[in-house]
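The structure appears right after this line, and notes come after that.
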2 protein chains.
Amino acid sequence: MSIELDKFDRRILAILQADARRPAETIGAQIGLSASAVQRRLARLRQEGVITAEVAIVDPVQAGRPLTVIADVEVERERPELQLRLKQWIAAEPAIQEAWYVTGEGDYVLIVAVRDVQAYEALMHKLMVENANVLRFRTRVALGTLKRGLAVPMDPPAA
Amino acid sequence: MSIELDKFDRRILAILQADARRPAETIGAQIGLSASAVQRRLARLRQEGVITAEVAIVDPVQAGRPLTVIADVEVERERPELQLRLKQWIAAEPAIQEAWYVTGEGDYVLIVAVRDVQAYEALMHKLMVENANVLRFRTRVALGTLKRGLAVPMDPPAA
DNA sequence: AGTGAAAAGTATAACCA
DNA sequence: TGGTTATACTTTTCACT
């Protein structure tokens, strides 16, 4: 069951999704609450898993992984045990930043951060060799990143 | 030109990409540096834009946006001014979390966080109506999220 | 660059309305 | 739940190696 998020919670989350370092006192001043009320809500939001993590975002270019690739991977669907193995393989591969299982012909969509095309090819070769159920994949290279983030829009409270 | 990141910088970044709240003293203990050395490096990494932001990650389900959709949008390429307009449209739409311009037939790939299929359809209808250069799009719904993050793997230093 | 110590700023926790 | 206060912790600044 999901937790009720009121107007204050939502405003706190909206602010923290842009800047997790903002002090509770500053947030409180913005939304009309005392610093400790903000802290109490913050502790609750972490505790209940509404906030799943607070992380630093690193520039991929400066970190030496300037190339983003979107890979559509098609797999045989009739092998549940190989599917599990593939999921574990994906989870263990740090170059894969995001991965979804999507509607369509047994497809996974992967977002991959690599140094160059060669590194991507090596990664996908390894993927194919180590996962027999992977039939083929399609590669699209990001020519430009327009937007990058995990922020979820905060709608007005339902209640 | 990119900044040199030594072994310590990389270890700090690796830690902070998983947990931005970790105190400098704890990080220092892990990597064999004093708290103030860690703080000084941290300030430099922020200053130079290696760390672009520190953000809270919010659970989309609890925030009321349980549905992730991957949209491949095909546009007419012969209209640079409409391309700019589309980019601005994407930038201004909070439901679009990520967007890349990719190799292929004038395609954008969008990652969209919505409440339900209806909200997605309404969004894409609006996209088409307000951007005349959008020819068509393909929709894939995420049936499962295997991995979600923006963490960049920290390779050993080149130097 | 790194260390260590004082000062300033934040978070945490206890208590009252 | 929200506010206030006291305490503990963290970051910031500075003097020194």
Side-chain angles (χ1 to χ4, degrees), chain A residues 1-59 62-64 150-151 154-159, chain B residues 1-59 62-64 150-151 154-159:
Chain A
M1 208 48 218
S2 70
I3 287 92
E4 286 300 317
L5 301 174
D6 68 13
K7 186 182 64 175
F8 290 123
D9 291 328
R10 285 167 194 273
R11 294 190 67 184
I12 292 169
L13 292 169
I15 292 167
L16 259 27
Q17 284 189 101
D19 176 16
R21 294 218 310 149
R22 185 158 310 175
E25 183 159 341
T26 312
I27 297 170
Q30 285 180 269
I31 69 177
L33 226 47
S34 70
S36 47
V38 174
Q39 285 287 10
R40 195 155 346 104
R41 283 165 178 273
L42 195 41
R44 205 199 70 221
L45 293 167
R46 289 186 182 119
Q47 162 83 36
E48 290 173 341
V50 177
I51 295 174
T52 58
E54 282 151 273
V55 303
I57 307 298
V58 171
D59 177 8
Q62 300 206 52
L150 300 178
M154 287 288 126
D155 302 307
Chain B
M1 207 51 218
S2 69
I3 287 93
E4 286 299 317
L5 301 174
D6 68 13
K7 185 182 63 173
F8 290 123
D9 291 328
R10 287 168 193 272
R11 294 190 66 183
I12 291 169
L13 292 169
I15 292 167
L16 259 28
Q17 284 188 104
D19 175 16
R21 294 216 311 149
R22 184 158 309 176
E25 183 160 340
T26 311
I27 297 171
Q30 284 181 269
I31 69 177
L33 225 48
S34 70
S36 37
V38 173
Q39 286 287 12
R40 183 148 11 87
R41 282 165 179 271
L42 196 39
R44 205 198 70 221
L45 293 167
R46 289 186 182 120
Q47 162 83 36
E48 290 173 340
V50 178
I51 294 175
T52 59
E54 283 151 272
V55 302
I57 306 300
V58 171
D59 176 9
Q62 299 206 51
L150 300 178
M154 286 290 129
D155 301 307

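Small disclaimer: the values here were computed from a predicted structure and weren't measured.
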Taking every non-hydrogen atom, the tightest pair across Met154(A) and Ala63(B) = CE-CB, 3.4 Å

With side chains defined as the heavy atoms from C-beta onward, is the minimum distance between Ile15(A) and Ile31(A) less than 4.5 Å?
-> yes

May I ask you to evaluate whether Arg41(B) reaches the phosphate of dA1(C), defined as a side-chain N or O under 4.0 Å from OP1 or OP2?
-> no

Let me know the distance between CD1 of Ile12(B) and C1' of dA1(C), rounded to the nearest Å.
-> 13 Å

Might you point out which heavy atoms bring Val55(A) and Ala18(B) nearest each other, and give the distance in Å?
-> CG1-O, 3.8 Å

Shortest non-hydrogen contact from Ala24(A) toward Ala35(A) | CB-O, 3.7 Å

Side-chain heavy-atom pair Arg41(B), Leu33(B) within 4.5 angstrom cut-off = yes

Lys7(A) NZ to dG2(D) P, in whole Å, measures 11 Å

Per-helix bend value, the helix from dA1(C)-dT17(D) to dA17(C)-dT1(D), C1' rotation axes over five pairs per end, 10° rounding, shows 20°

Rounded off to whole Å, could you give me the CG-to-C1' distance for the Leu5(A) and dT1(D) pair?
-> 16 Å

Between P of dT10(D) and CG of Leu16(B), the distance in whole Å = 14 Å

Separation of dT12(D) P from Gln47(B) CD (nearest whole Å) = 13 Å

A correct 5'-to-3' footprint of nucleotides 8-17 of chain C, with B, S and - meaning base, sugar-phosphate only and no protein heavy atom under 4.0 Å, is --SSBB----

Between Asp9(B) and Asp6(B), what is the shortest heavy-atom contact and its length?
-> N-OD1, 2.9 Å

Looking at side-chain heavy atoms only, is the closest gap between Leu16(B) and Leu45(B) below 4.5 Å?
-> no

For the residue pair Glu4(B) and Arg44(B), what are the closest heavy atoms and their distance?
-> O-NH2, 3.9 Å

